[in-house]
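All heavy atoms count here, side chains included; hydrogens, waters and symmetry mates do not. Residue numbers begin at 1 in each chain, while the letters A, B, ... track the order of the sequences. Remember, predicted model here, so these are calculated numbers, not experimental data.
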There are 2 protein chains.
Amino acid sequence: MDGPHETHDAERYPRFTVTIEIVILTIRDDVLAVGLARRGEWPYEGMWGLPGGLVRADLDASLDRAAQRELIEETFLKLYPHASPGYARHLHLEQLKTYWGPGRDPRPGLQVATVAYLAVAPHLPALVAAGDAAAVRWIPVEDVLDERVALAFDHSRIVADGVERARAKLEYTALATALVPPEFTVAELRRVYEIVWGVPLDKRNFHRKATHRDGFLEPTGRTTTRGRGRPAQLYRHNGHEAVHHLSVHPHHRP
Amino acid sequence: MDGPHETHDAERYPRFTVTIEIVILTIRDDVLAVGLARRGEWPYEGMWGLPGGLVRADLDASLDRAAQRELIEETFLKLYPHASPGYARHLHLEQLKTYWGPGRDPRPGLQVATVAYLAVAPHLPALVAAGDAAAVRWIPVEDVLDERVALAFDHSRIVADGVERARAKLEYTALATALVPPEFTVAELRRVYEIVWGVPLDKRNFHRKATHRDGFLEPTGRTTTRGRGRPAQLYRHNGHEAVHHLSVHPHHRP
DNA sequence: CGAATAGTGTCTCTTAGACACTATGTC
DNA sequence: GACATAGTGTCTAAGAGACACTATTCG
């Protein structure tokens, strides 16, 4: 069999098109949602699919950079036309998985390998100038996973893989803080876990664990009066990524 | 800026070579070791690097299949010339990460994207016909991570990523059972954790946790007399992948 | 019998999770 | 004061980890 580097003759190397696709998740109207783009052309014209684009050797210094460029240009600015691109530069973004195989893309003669990235964004105020014609839009992941909304290519599976990764990483990393504004209350953070996992969590136990676990939350000293009750303390994430076992699962009852 | 699917004109798509590379780990002589291949040609001729090869649309039905083909043909059969290829078909094999970027490969005009896979194999008896000229060889990961053995391309980083993944997955999956023969004793399994993590584990606590955790070990009823002392029970992994918190970490002492 | 390893039992301390009350703001 | 939400305290049971002894084989 051919080794990867057996000859310098470029003609012997099969050639692939490499694309980046972004699974961007947020919480919107109390459900987990994924940012999808409506396809404007064949194949799968008119269907929803993951936003993305080509990896370009002339533009991109790395896969991560290519993903960041797609995230900003193709996704974030279309969801939030008035937001600053700098904001998107601080979103959580990690490589998810690479997909390839005959039949993924129906275009003849085209071998497309797709490097999927997982992005996670806080719920930002308003997607201006929405309307049905919006090119990029939030769609509840439940609709995608239950196949109520069919996606182009194999994008449903990629979304499923992204959601699975996000659910898992909630448990042992500080990923939840990426789904919430830079300063947030304990209740807002708890709602993230409840929505992503789909389970109710005890308010008091969560508060104890979230605030006592060191290397996780840092009080800002300020409070908020967003809600109707007693003002809540504002916290920020203090930078450490690993937060072992913040999980809150019910005991078994015989 | 270009979307991935904006035109059907294949000429507009930059072309990449896609390779698979395998980080195969095992335990050998009581240390974690990685299977490396000696490069026979430019670039990095004579250096050690990850075994791998081209993804070929005419041969491979998926990335996973391509990785399995490389694992068997380029790696396993060269490490164990007398082993049956069927054995390799049951090794643990999972996609690790994709690497690309200018400067990864010095060959001009070549854009190589590499999909790295992590494989994990039990320690098999003998690598026949070894000798220094062996094309593929086990090298302790410690030597690679400490840069005592420099690898071709960015393969040192890929090995580091693979080892990190393996260490993490020991904690919450049954990955350890892939580093041990199909039937194994509790002590053999414990040694896997101790070697991969580099920490001593309490024999008694480990035994209790490993055997009581359901969905993990299944007694075969048979015993072994491999060692010098009392014969040990043989277990096999019962198929469940998720094993939450088998970790055994020392308490903090003030 | 001694050496070597396998396997079991007990105690303690940490902590997850169940649960109820007080505190502080708005209307 | 009514209401809503924030935040704290206590109890219990599960389990992790420290630790010592018995069991079974070989020489």
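Between the base of dA23(D) and the side chain of Arg230(B) there is a donor-acceptor pair shorter than 3.5 Å. The base of dG17(D) sits within donor-acceptor range of the side chain of Arg208(B), with an N or O pair under 3.5 Å.
For the pair Glu188(A) CD and dT5(D) P, the interatomic distance rounds to 13 Å; values are reported in whole Å. One interatomic measurement links the two molecules: CZ of Phe206(B) to P of dT8(C), which rounds to 14 Å at whole-angstrom precision. For the pair Phe184(B) CZ and dT5(C) P, the interatomic distance rounds to 20 Å; values are reported in whole Å. At whole-Å resolution of the value, CG in Leu201(B) and P in dA18(D) are 10 Å apart. One atom, CD of Gln233(A), and another, P of dT24(C), lie 12 Å apart when rounded to the nearest Å. Here dT5(D) presents its P atom at 11 Å from CZ of Arg190(A), a figure rounded to the nearest Å. Spacing between atom CG of Asn205(A) and atom C1' of dG9(D) amounts to 11 Å, rounded to whole angstrom units. Between the C1' atom of dG7(D) and the CG atom of Leu234(A) lies a distance of 15 Å, rounded to the nearest Å.
Residue Arg213(A) places at least one side-chain N or O closer than 4.0 Å to OP1 or OP2 of dA16(C). The phosphate of dT26(C) has neither OP1 nor OP2 within less than 4.0 Å of any side-chain N or O from Arg228(A). OP1 or OP2 of dT8(C) has at least one side-chain nitrogen or oxygen of His207(B) nearer than 4.0 Å.
Tyr235(A) is not listed as a side-chain neighbour of Glu183(A), based on a closest heavy-atom distance of 4.5 Å or more. For the pair Leu179(A)/Tyr193(A), no side-chain contact is recorded, criterion being any heavy-atom separation below 4.5 Å from C-beta on. Considering only heavy atoms from C-beta on, Asp161(A) comes within 4.5 Å of Tyr99(A) through its side chain.
In this structure, Glu164(B) places its CD atom where only 12 or fewer heavy-atom neighbours from other residues, nucleotides or ligands lie under 6.0 Å away.
Residue Val196(B) is tested with Val141(B), Leu25(B), Leu170(B) for a side chain to side chain contact (heavy atoms under 4.5 Å, CB included); the sole match is Leu170(B).
For the atom pair Trp138(A) CH2 and Ile27(A) CD1, the distance stands at 11.0 Å (nearest 0.5 Å).
Listed nucleotides: dG7(D), dA16(D), dA6(C). Nearest to the side chain of Ala232(A): dG7(D). Among the nucleotides dG9(D), dC19(D), dG17(D), the one closest to the side chain of Arg204(A) is dG9(D). The side chain of Lys203(A) lies closest to dA6(D), out of dT24(C), dG17(D), dA6(D). Closest approach to the Pro231(A) side chain among dG17(D), dG25(C), dG17(C) is made by dG25(C) (side chain taken as heavy atoms from C-beta onward). Here dC19(D) is the nucleotide among dC19(D), dA18(C), dT8(D) with the atom lying nearest to any side-chain atom of Asp202(B). Considering only the side chain of Ala187(B), dA6(C) comes nearest among dG7(C), dA18(C), dA6(C). Nearest nucleotide to the Lys209(A) side chain, out of dA18(D), dA16(C), dT8(D): dA16(C).
Each of Thr211(A) and Gly229(A) lies near DNA chain D, and the nucleotide nearest Gly229(A) is the one positioned closer to the 5' end.
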